Amino acid sequence: MRRNRNGNSEAEAGPVKKKRKPLRIIRNILGVLAGIIVLFFAIVFVTDKVAGSMEKDRIEPYGQFVEVDGKQMNVRIDGDGAETVVLLPGYGTAAPGLDFEPLIRELEKDYRVVTVEPFGYGLSDGTDKERTTANIVGEVHEAVQRLGLKRYVLMGHSIAGLYGLEYANQYPDEVIAFAGIDTSVPAQGGMDQELPVGTFKFLRQSGLMRLLTKVSGAPYAGLDYDAQTKEQIRMVTNRGGNNGTLLNEMSHIASNFKQAREAGAAFPQSLPLVLFIRQNNAEVPDWTAMHEEQAEHSAHGQVIPMNGGHYLHHALSPEIAADFKAFMNGLEKNS
């Protein structure tokens with residue numbers, strides 16, 4: 001019987017070859033799959049870069065820039081009423097100056113409306129400064145000072161409720177009242193968990209965020225925004241979503257909430273407070289109770305439940321503006 005180089009008989013070598021063949025097939029399949037995955041990510045990455053370059057010149061400026069901490073912060077000013085409302089966005093709102101469009105249209109009938117896009121939002125620059133509550137509030141206040149505003153109502157959505165607490169306590173001589181749109185409160189549950197910053201960073205850098213945004217549907221469909229505004233929001237979102245400044249803010253959310261809780265942060269008792277909240281919030285069962293507690297602490301506090309989602313101003317801006325005006329008129333009568 002002939003033997004091969006290893007000293008094994010050919011009869012013994014045969015089964016080994018048969019065993020190795022399936023392994024080669026598996027390796028080949030895995031290699032092809034790996035190649036497909038690499039190609040997929042390469043296509044997604046290149047597509048994102050090319051599309052971003054094409055969209056860059058199509059983004060139309062809105063508002064004006066003011067210098068804050070040596071950088072440019074975008075603010076939008078509408079209306080010419082005697083009183084001023086300063087609007088602040090919720091976390092991650094890509095283009096606040098456009099997202100607040102329905103509410104701005106309603107408020108500008110009676111007020112001067114100043115929409116501030118903090119660093120990392122909309123058309124504003126990014127920053128390397130840590131996104132602590134104190135830094136964010138200080139920067140927004142500097143923008144307000146640059147505009148020469150002395151007395152104004154602070155109105156904010158979502159996490160602006162947390163920043164608004166700090167702001168109202170830091171600058172009590174400037175803030176006439178605070179109006180919250182489903183605003184965060186320090187005691188709400190679930191805010192002590194670290195958020196997946198690394199995952200969102202990967203989605204942005206890989207270009208997958210653009211793909212996910214596209215396949216997830218149109219968030220402004222059926223809402224009172226014209227086609228051009230929707231397209232502008234889409235492009236600004238693709239350009240700035242999950243940028244480094246926003247991710248840094250995300251990494252500070254838990255510590256910012258913790259700091260406010262431990263400090264027992266509350267709005268000044270003398271500050272008028274009107275809080276528009278979504279009723280029947282299944283995610284946070286004591287949502288209404290927490291806001292009622294805030295309102296009860298104020299000498300002029302009111303909670304207004306509304307049947308809508310977290311972005312109440314997307315669909316209920318006329319109601320918000322009307323109730324806000326009635327609240328402010330009531331303050332004037334009682335003064």
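In this text, all values refer to a predicted model and were calculated from it rather than measured experimentally.
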Quick one: are [X] and [Y] in side-chain contact, heavy atoms under 4.5 Å?
X    : Y    : answer
V114 : L149 : yes
S184 : Q188 : yes
P186 : L165 : yes
I77  : L147 : yes
I104 : L87  : yes
S124 : Q72  : no
T115 : V75  : no
I277 : T288 : yes

Using 0.5 Å steps for rounding, measure from the [atom1] atom of [X] to the [atom2] atom of [Y].
X    : Y    : atom1 : atom2 : answer
D182 : L312 : CG    : CG    : 5.0 Å
M250 : N256 : CE    : CG    : 13.0 Å
E249 : I159 : CD    : CD1   : 5.5 Å
T183 : M155 : OG1   : CE    : 11.0 Å
N281 : H291 : CG    : NE2   : 9.0 Å
I136 : Y163 : CD1   : OH    : 3.5 Å

Checklist entry - Are the side chain of N243 and the backbone of L246 linked by a donor-acceptor contact shorter than 3.5 Å? => result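 Yes; judged by distance alone, with no hydrogens or angles, the pair exists.
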Item to check | Check: N169 side chain, A266 main-chain N or O, donor-acceptor pair, under 3.5 Å | outcome: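 Yes; judged by distance alone, with no hydrogens or angles, the pair exists.
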Item to check | Ion pair K71/E139, N-O distance below 4.0 Å | outcome: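 No, this pair does not count.
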Checklist entry - Looking at the rings of Y311 and H157, which for Trp means the six-membered one, are their centres under 6.0 Å apart? => result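 That pair passes the under 6.0 Å test.
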Checklist entry - Is the count of non-hydrogen atoms from other residues, nucleotides or ligands lying under 6.0 Å from E293 atom CD greater than 12? => result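 No, because the 6.0 Å sphere around CD of E293 holds 12 heavy atoms or fewer from other groups.
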Item to check | side-chain contact (heavy atoms from CB on, under 4.5 Å) evaluation trace for I25 with R27 | outcome: CA-CA 5 Å; I25 294 174; R27 283 198 297 268; over 6 Å; no
Checklist entry - How far apart are the C-alpha atoms of E117 and R76, what are their side-chain angles, what is the distance that settles it, and do they pass the salt bridge (charged side-chain N to carboxylate O under 4.0 Å, His left out) test? => result CA-CA 8 Å; E117 296 190 332; R76 172 178 171 175; over 6 Å; no
Distance-minimising heavy-atom pair for [X] and [Y]:
X    : Y    : value
A321 : E106 : CB-CB, 3.5 Å
P272 : S270 : CD-O, 3.3 Å
A168 : L271 : CB-CD2, 3.8 Å
S158 : H310 : OG-NE2, 2.9 Å
Q64  : N74  : O-OD1, 3.3 Å
P118 : M73  : CA-CE, 4.0 Å

Item to check | Residue pair L103, I181: steps toward the side-chain contact (heavy atoms from CB on, under 4.5 Å) verdict | outcome: CA-CA 11 Å; L103 183 57; I181 304 172; 3.7 Å; yes
Item to check | Pair listing, side-chain hydrogen bond (donor to acceptor under 3.5 Å, both in side chains) test, anchored in residues 312-326, at least two apart | outcome: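 Sorted result for residues 312-326: D99-H313, D99-H314, D110-K325.
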Run the side chain to side chain donor-acceptor pair (under 3.5 Å) test against [X] and tell me which residues pass, sequence neighbours left out.
X    : answer
T132 : N135
D128 : none
D224 : R105
Q228 : E60

Is there a donor-acceptor contact under 3.5 Å linking the side chains of [X] and [Y]?
X    : Y    : answer
N280 : W287 : no
H252 : E130 : yes
T245 : N248 : no

Next on the checklist: Could you walk me through whether K129 and D69 satisfy the side-chain contact (heavy atoms from CB on, under 4.5 Å) test, starting with their C-alpha distance in whole Å, then the side-chain angles of each, then the deciding distance to 0.1 Å, before giving a yes or no?
Outcome noted: CA-CA 10 Å; K129 269 193 173 181; D69 195 28; 3.4 Å; yes
Residue list, salt bridge (Lys or Arg N to Asp or Glu O under 4.0 Å) with [X], at least two apart or on another chain:
X    : value
E283 : R278
E292 : none
R146 : E142

Using atom types as modelled, flag every donor-acceptor pair under 3.5 Å from a side chain in residues 300-307 to any protein atom, sequence neighbours excluded.
none

Checklist entry - Residues sharing Y220's hydrophobic cluster, by side-chain heavy-atom contacts under 4.5 Å among ILVMFWY, directly or via others? => result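 Members alongside Y220: I59, Y62, F65, L98, L123, L223, Y225, I233, M235, V236.
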Checklist entry - What pairs meet the ring pair (Phe, Tyr, Trp, His ring centres under 6.0 Å) rule with one or both residues in residues 125-153, with sequence neighbours excluded? => result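 As it turns out, the ring pair (Phe, Tyr, Trp, His ring centres under 6.0 Å) pairs with a partner in residues 125-153, which skip direct neighbours, are H141-Y167, H141-Y171.
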Next on the checklist: Test: ring pair (Phe, Tyr, Trp, His ring centres under 6.0 Å). Region: residues 107-126. Which pairs qualify, not counting sequence neighbours?
Outcome noted: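 Residue pairs with at least one partner in residues 107-126: Y111-F324.
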Next on the checklist: Quick one, E174 with K150, criterion side-chain contact (heavy atoms from CB on, under 4.5 Å). Give me CA distance, side-chain angles, the key distance, then yes/no.
Outcome noted: CA-CA 6 Å; E174 299 179 24; K150 303 299 182 183; over 6 Å; no
